[in-house]
Chemist: 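The structure is given below, and queries will be raised subsequently.
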Amino acid sequence: MHYTPAPRDPKATPVRVNLLSDTQTRPTPAMREAMATAEVGDEQIGDDPTVNLLCERVAELLGKEAAVFMPSGTMCNVAATLSYCRPGDEILAHFSAHIIAREGGAHAALGGFQITPLPGPDGQFSPETFRSALHPRSRYQPPQTVVSVEQTANIGGGTIWKKADLDEIAKIAKANGLATHMDGARLLNATVATGINARDMTAGWDSAWIDFSKGLGAPIGGVIAGSSDFIDDVWRWKQRLGGSMRQAGICAAACVYALDHHVDRLAEDHANARALARGLSQLNGVEVQQPETNLVFFRPDGAGVSGDKMVAELRKRGVLLAMMDGRIRACTHLDVTAEMVEETVGLVREIVRGA
Ligand SMILES: *Cc1c(COP(=O)(O)O)cnc(C)c1O
């Protein structure tokens with residue numbers, strides 16, 4: 001079947017409050033200024049000074065030897081598993097993981113890998129669940145090569161993996177010869193929320209990456225870090241996937257700007273998410289998962305309005321959000337203010353009352 005994404009409808013109410021995703025952030029004027037004045041070179045041959053600076057900054061931030069700038073977070077995940085695994089290898093991840101559900105089947109299509117979905121609440125599996133999914137090396141079972149976690153767990157509700165669990169899972173992985181990979185699309189949300197620095201949070205993890213095109217507000221890019229040998233492999237896969245770039249310093253400058261100006265402010269997004277959850281949970285019949293970071297999942301069915309209906313009614317009133325795996329997800333970010341959150345709660349109340 002042919003799938004066409006819904007185009008922008010010019011007659012639709014303009015979006016005033018965009019809670020769809022933190023990918024919706026627009027570069028600020030100051031970020032655009034940093035981009036416009038960036039020093040650039042040829043990224044593919046290692047000659048773009050701004051890209052090099054960004055990679056050094058992220059390697060340092062995550063406590064790894066080296067890092068590489070990628071066009072997207074998805075390519076960070078794909079190049080990572082392609083570097084670690086051979087066809088037929090097994091990757092272990094939570095069943096709701098982005099690598100399973102949202103990467104177009106890349107890990108199977110390009111690598112021939114199988115991903116074992118692990119169970120557990122809130123997008124996380126326990127060290128015990130992980131341990132019990134391991135099997136001895138044998139001739140007839142697939143080699144278990146990588147364990148992957150999402151910090152924060154997106155579909156799990158933007159929940160934060162406890163450092164103790166991350167450390168324990170990494171320890172078990174090492175003892176069993178598995179590599180450890182952290183999908184850190186929102187890692188800095190977790191570090192800002194907990195006060196644990198990124199280097200400690202990723203200490204047991206061979207590779208970790210952060211996304212710059214989400215709450216950090218850059219238009220494009222992710223950076224993956226790991227050992228120098230691993231990053232060499234990732235570079236080869238980046239080339240093979242067509243991800244090498246040229247004057248990418250224009251984009252890297254936005255990411256460097258984000259590291260300098262948009263990290264600490266993630267706390268505001270978390271405060272806005274809590275305020276949104278508080279407001280929504282005061283409405284009879286609206287079920288809200290308490291947010292730990294910037295994602296708020298809720299279900300209005302108990303108030304007599306289906307999720308789809310709520311999304312459509314809010315859209316008519318200029319608020320954009322969407323259903324995600326059976327619940328509504330609202331995402332706070334750089335372009336969402338406390339006033340917008342208050343307005344959204346008011347509109348949800350109005351829709352519930354009219355039901
Ligand atoms: C968004 C996201 C990705 C993919 O990042 P892109 O930059 O959109 O390709 C991967 N993992 C998680 C958990 C995400 O939320």
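Numbering starts at 1 and runs along the sequence shown.
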Chemist: Please answer whether the main-chain N or O of W161 pairs with a side-chain N or O of Q151 as donor and acceptor at a distance below 3.5 Å.
Modeler: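 Pair found, side chain donor or acceptor close to backbone of W161.
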
Chemist: Please determine whether a side-chain nitrogen of the Lys or Arg among D122 and K162 lies less than 4.0 Å from a carboxylate oxygen of the Asp or Glu.
Modeler: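 No, no charged N to carboxylate O under 4.0 Å.
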
Chemist: Less than 4.5 Å apart, side chain to side chain, heavy atoms only: is that true for E343 and E339?
Modeler: no

Chemist: Under the criterion side-chain contact (heavy atoms from CB on, under 4.5 Å), which of V296, N272, L280, V319 is the partner of T344?
Modeler: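 It is V319; the other options fail the test.
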
Chemist: Quick check: is I172 connected to M201 through a chain of hydrophobic side chains (ILVMFWY, heavy atoms under 4.5 Å apart)?
Modeler: yes

Chemist: Grouping I, L, V, M, F, W and Y whenever their side-chain heavy atoms are under 4.5 Å apart, do L187 and L259 come out in a common cluster?
Modeler: yes

Chemist: Do R240 and L82 touch side chain to side chain, with heavy atoms closer than 4.5 Å?
Modeler: no

Chemist: Tell me if the aromatic rings of W209 and F69 count as close, with their centers under 6.0 Å from one another.
Modeler: no

Chemist: Between Y84 and F230, does the ring pair (Phe, Tyr, Trp, His ring centres under 6.0 Å) criterion hold? Intermediate values first, please.
Modeler: CA-CA 8 Å; Y84 285 127; F230 170 78; 4.7 Å; yes

Chemist: Under the 3.5 angstrom rule, does the side chain of E292 hit a backbone N or O of I160 as a donor-acceptor pair?
Modeler: yes

Chemist: Answer yes or no: is there a side-chain heavy-atom contact under 4.5 Å between V352 and M310?
Modeler: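 When only atoms from C-beta onward are counted, M310 and V352 do touch, with a gap below 4.5 Å.
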
Chemist: Please check this pair: side chain of D183 against backbone of N77, looking for a donor-acceptor N/O pair closer than 3.5 Å.
Modeler: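 Such a contact is absent between D183 side chain and N77 backbone.
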
Chemist: Please check: side-chain N/O of R299 versus main-chain N/O of V288, any donor-acceptor pairing under 3.5 Å?
Modeler: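 No; judged by distance alone, with no hydrogens or angles, the pair does not exist.
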
Chemist: Considering only heavy atoms from C-beta outward, does the side chain of L188 approach that of T191 to under 4.5 Å?
Modeler: yes

Chemist: Decide yes or no for H270 and T332: does some side-chain heavy atom of the first lie under 4.5 Å from some side-chain heavy atom of the second?
Modeler: no

Chemist: Report yes or no: do V311 and L314 belong to one cluster of Ile/Leu/Val/Met/Phe/Trp/Tyr joined by side chain heavy-atom distances under 4.5 Å?
Modeler: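 The answer is yes; both residues are in one hydrophobic cluster.
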
Chemist: Just verifying a value: how many Å separate D211 CG and C255 SG, rounded to the nearest 0.5 Å?
Modeler: 9.0 Å

Chemist: Is there a donor-acceptor contact under 3.5 Å linking the side chains of T159 and Q124?
Modeler: yes

Chemist: Within a strict 4.5 Å, meaning less than it, do heavy atoms of the P219 and M35 side chains meet?
Modeler: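 A side-chain contact exists here, since the closest heavy-atom pair is under 4.5 Å.
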
Chemist: Taking the six-membered ring for Trp, are H262 and Y257 parallel (under 30°), tilted (30 to 60°) or perpendicular (over 60°)?
Modeler: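 Perpendicular: the ring planes of H262 and Y257 meet at over 60°.
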
Chemist: Would the distance check show the side chain of K163 and the main-chain N or O of I196 forming a donor-acceptor pair, the cut-off being under 3.5 Å?
Modeler: no

Chemist: Can you tell if the side chain of N154 reaches within under 4.5 Å of the side chain of R329, non-hydrogen atoms only?
Modeler: yes

Chemist: According to a 4.5 Å side-chain heavy-atom criterion applied to Ile, Leu, Val, Met, Phe, Trp and Tyr, with indirect links allowed, do I91 and W237 form part of one hydrophobic cluster?
Modeler: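 Result: yes, single cluster for both.
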
Chemist: Is there a side-chain contact between L266 and L216 in this structure, where contact means two heavy atoms from C-beta onward sitting under 4.5 Å apart?
Modeler: yes

Chemist: Compute whether any side-chain donor of one residue and acceptor of the other, for D269 and N189, lie under 3.5 angstrom apart.
Modeler: no

Chemist: When you measure from the side chain of E65 to the backbone of S228, do you find a donor-acceptor pair of N or O atoms at a distance under 3.5 Å?
Modeler: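 Yes, because the side chain of E65 sits within donor-acceptor range (under 3.5 Å) of the backbone of S228.
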
Chemist: For the residue pair H333 / T25, report whether a side-chain donor-acceptor contact shorter than 3.5 Å exists.
Modeler: no

Chemist: Does a donor on one side chain sit under 3.5 Å from an acceptor on the other, for T145 and D89?
Modeler: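 Yes, because at least one side-chain N or O of T145 sits under 3.5 Å from a partner of the opposite role on D89.
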
Chemist: Can any side-chain N or O of K64 pair as donor or acceptor with the backbone N or O of T202 at less than 3.5 Å?
Modeler: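 It does hold such a pair.
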
Chemist: Between K316 and E313, does any side-chain N to carboxylate O distance fall below 4.0 Å?
Modeler: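 Judged by the 4.0 Å cut-off on N to carboxylate O distance, K316 and E313 do form a salt bridge.
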
Chemist: Hey, which of V146, I100, T81 is the one that makes side-chain contact (heavy atoms from CB on, under 4.5 Å) with H107?
Modeler: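 Single pass found, and it is T81.
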
Chemist: With distance as the sole criterion, is a donor-acceptor pair present between the side chains of Q144 and N176 under 3.5 Å?
Modeler: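 Q144 vs N176: no donor-acceptor pair found between side chains.
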
Chemist: Between the side chain of E150 and the main-chain N/O of H98, is any donor-acceptor distance below 3.5 Å?
Modeler: yes

Chemist: Which value, rounded to the nearest 0.5 Å, describes the distance between L19 atom CG and Q24 atom CD?
Modeler: 10.0 Å

Chemist: Establish whether L53 and M70 are linked, either directly or via other cluster members, by ILVMFWY side-chain heavy-atom contacts under 4.5 Å.
Modeler: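 L53 and M70: separate clusters.
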
Chemist: Checking side-chain contact (heavy atoms from CB on, under 4.5 Å) between L20 and each of N18, D22, V17, which is the one that passes?
Modeler: N18

Chemist: Quick one: pull up CZ in R315 and OG1 in T13 and give me the separation to the nearest 0.5 Å.
Modeler: 6.0 Å

